[in-house]
Amino acid sequence: MWRKFRDPRILGIVGLLLSAVVVLILNATIFSAEAFVMRYLTALEAGRGADVAKMVWGPADKPHYIVGMPINSDSRPHHPVIIASTASGDNAVVTARVELAGVDTTVDFVVAKQSTWSPISSWTLALRPVATVTVDSTGNAGASINGVTGSHGGLAYFPSIATVDTPSHWFTTTPQSLVIDSMAVDYQASIQLEPSDALFTTVDKAVHSYLDDCAAQKTLVPKECPFAGFSSEKIAAGPTWEIDSYPTLEISHTGGEWAVTGNGKVRLRVSLVDFATEKTTKYSELLTYVLSGTLADLSADKPRLVVVNTVER
């Protein structure tokens, strides 16, 4: 009897049967569609961005899109539980329950079995678990979705809470949170931008430099400047300009541009020759000027001030 059992053919058949049973068990457990979805949800919960991106975009060296992982753990799903799975051929719909923003949320995933040489099942996400976020921001300064910058929005992982903010340190805004609980929705967000202290400081320095250059010009009408003097008399000496007060700046979004405005005062000193008496007299006048301009290159390291000449010629 023992000899029959030791027959290589019988041992081979037993080995094949054991292997088949092991494969069935593995495919029904750690290599099942349910386990695949659970691995995705636990990776998302833990904030393992590289693992999540690999599961969403496949084995490509670089993903087609960069999606930001929510940095705050409160913005990720928690306590995932698989509650149902429905198979249809090589596809399956796996339903899970997660806690999202403190609320129990039911989410569905569509997965597909990959064709491989191995008897062990391999699954992929047939529908990528991402959602589109479209952002309207003041001044078209762009937006960031979980730290990833886009011109008008981007993508967010499903399920999660997407944080919409401004990517520019030239502006501040109140971040907006969106609960991403569906893959089939284009989520809309709107953020209102306000100039930051850094922007005011940078523009103020540019304005001071611009006005100082204007004041250094020895002419009644400094070129491309917001102030000028007028006289019908002959100039004996001067003119000289001195900035009496720099403007307190206002920065606002107007007509599709970020406008810079402010008022200041400048002192003009000049020696004039009276045509009738030919006497030289010193003349001094304190003039009010209006600074007006726009900001350009706000996506660069330093914005550029474009001044509009406010002096009538």
Side-chain angles (χ1 to χ4, degrees), residues 33-34 36-58 60 63-88 91-112 123-167 173-193:
E34 296 89 337
F36 176 76
V37 170
M38 180 60 76
R39 285 195 294 273
Y40 167 79
L41 288 172
T42 53
L44 185 59
E45 178 183 20
R48 300 198 306 270
D51 293 341
V52 171
K54 186 175 181 180
M55 296 180 73
V56 172
W57 304 109
H64 297 285
Y65 300 94
I66 299 176
V67 183
M69 175 65 64
I71 298 175
N72 190 337
S73 63
D74 292 338
S75 297
R76 305 178 202 141
H78 292 288
H79 313 302
V81 178
I82 303 299
I83 58 177
S85 179
T86 303
S88 177
N91 293 335
V93 176
V94 179
T95 302
R97 184 176 61 249
V98 298
E99 182 183 301
L100 192 61
V103 178
D104 285 343
T105 305
T106 301
V107 289
D108 290 328
F109 296 88
V110 180
V111 296
W123 296 89
T124 185
L125 291 159
L127 295 178
R128 290 193 175 100
V130 293
T132 302
V133 178
T134 302
V135 183
D136 176 32
S137 63
T138 309
N140 296 321
S144 68
I145 312 299
N146 292 332
V148 176
T149 301
S151 57
H152 298 287
L155 298 176
Y157 285 124
F158 159 84
S160 69
I161 299 173
T163 300
V164 181
D165 205 343
T166 173
T173 189
T174 301
Q176 186 173 350
S177 296
L178 300 174
V179 179
I180 309 299
D181 55 5
S182 175
M183 289 184 281
V185 174
D186 180 11
Y187 292 87
Q188 304 286 325
S190 179
I191 54 176
Q192 300 299 315
L193 302 183

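Numbers here are sequence positions counted from 1.
Counting heavy atoms of neighbouring residues, nucleotides and ligands inside a 6.0 Å radius, atom CD1 of Ile71 does not exceed 12 of them.
There is no side-chain donor-acceptor pair under 3.5 Å between Ser144 and Asp165.
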Is there a side chain to side chain contact (heavy atoms under 4.5 Å, CB included) between Val135 and Val133 once you walk through the steps? CA-CA 6 Å; Val135 183; Val133 178; 4.0 Å; yes
Dump the intermediate steps for side-chain hydrogen bond (donor to acceptor under 3.5 Å, both in side chains) on Thr134 and Asp186, then the final yes or no. CA-CA 7 Å; Thr134 302; Asp186 180 11; 3.0 Å; yes
Take Arg128 and Val56 through the test side chain to side chain contact (heavy atoms under 4.5 Å, CB included) and record every step on the way to the result. CA-CA 6 Å; Arg128 290 193 175 100; Val56 172; 4.0 Å; yes
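Within the 4.5 Å cutoff, no side-chain heavy atoms of Ile191 are placed close to those of Thr138. The shortest side-chain heavy-atom distance between Met69 and Leu44 falls under the 4.5 Å cut-off.
Interatomic distance, Trp57 CH2 to Ile66 CD1, rounded to the nearest 0.5 Å: 10.5 Å. One finds the OG1 atom of Thr132 at 10.5 Å from the CD1 atom of Ile145 (value rounded to the nearest 0.5 Å).
When all heavy atoms of Glu45 and Pro80 are compared, the pair lying nearest together is OE1-CD, 3.5 Å. The two residues Val94 and Ser85 make their nearest non-hydrogen contact at CG2-OG, 3.9 Å. Nearest heavy-atom pair, Met55 versus Leu125, reported as atom, atom and distance to 0.1 Å: O-CD1, 3.6 Å.
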Without placing hydrogens or testing angles, list every side-chain donor-acceptor pair under 3.5 Å for residues 154-163, not counting sequence neighbours.
unit_1	atom_1	unit_2	atom_2	d
Ser160	OG	Tyr157	O	2.5

Identify all side-chain donor-acceptor contacts of residues 173-184 below 3.5 Å with residues at least two apart in sequence or on another chain.
unit_1	atom_1	unit_2	atom_2	d
Thr173	OG1	Gln192	O	2.9
Gln176	OE1	Ser190	N	3.2
Asp181	OD1	Tyr187	OH	3.0
Ser182	OG	Ala184	N	3.2

Donor-acceptor pairs are to be reported for all side-chain atoms of residues 95-112 against protein atoms at under 3.5 Å, with residues two or more places apart or in another chain.
unit_1	atom_1	unit_2	atom_2	d
Thr95	OG1	Asp108	OD1	2.6
Thr105	OG1	Val103	O	3.2

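Using modelled atom types, one side-chain atom of His78 and one backbone atom of Ser73 make a donor-acceptor pair closer than 3.5 Å.
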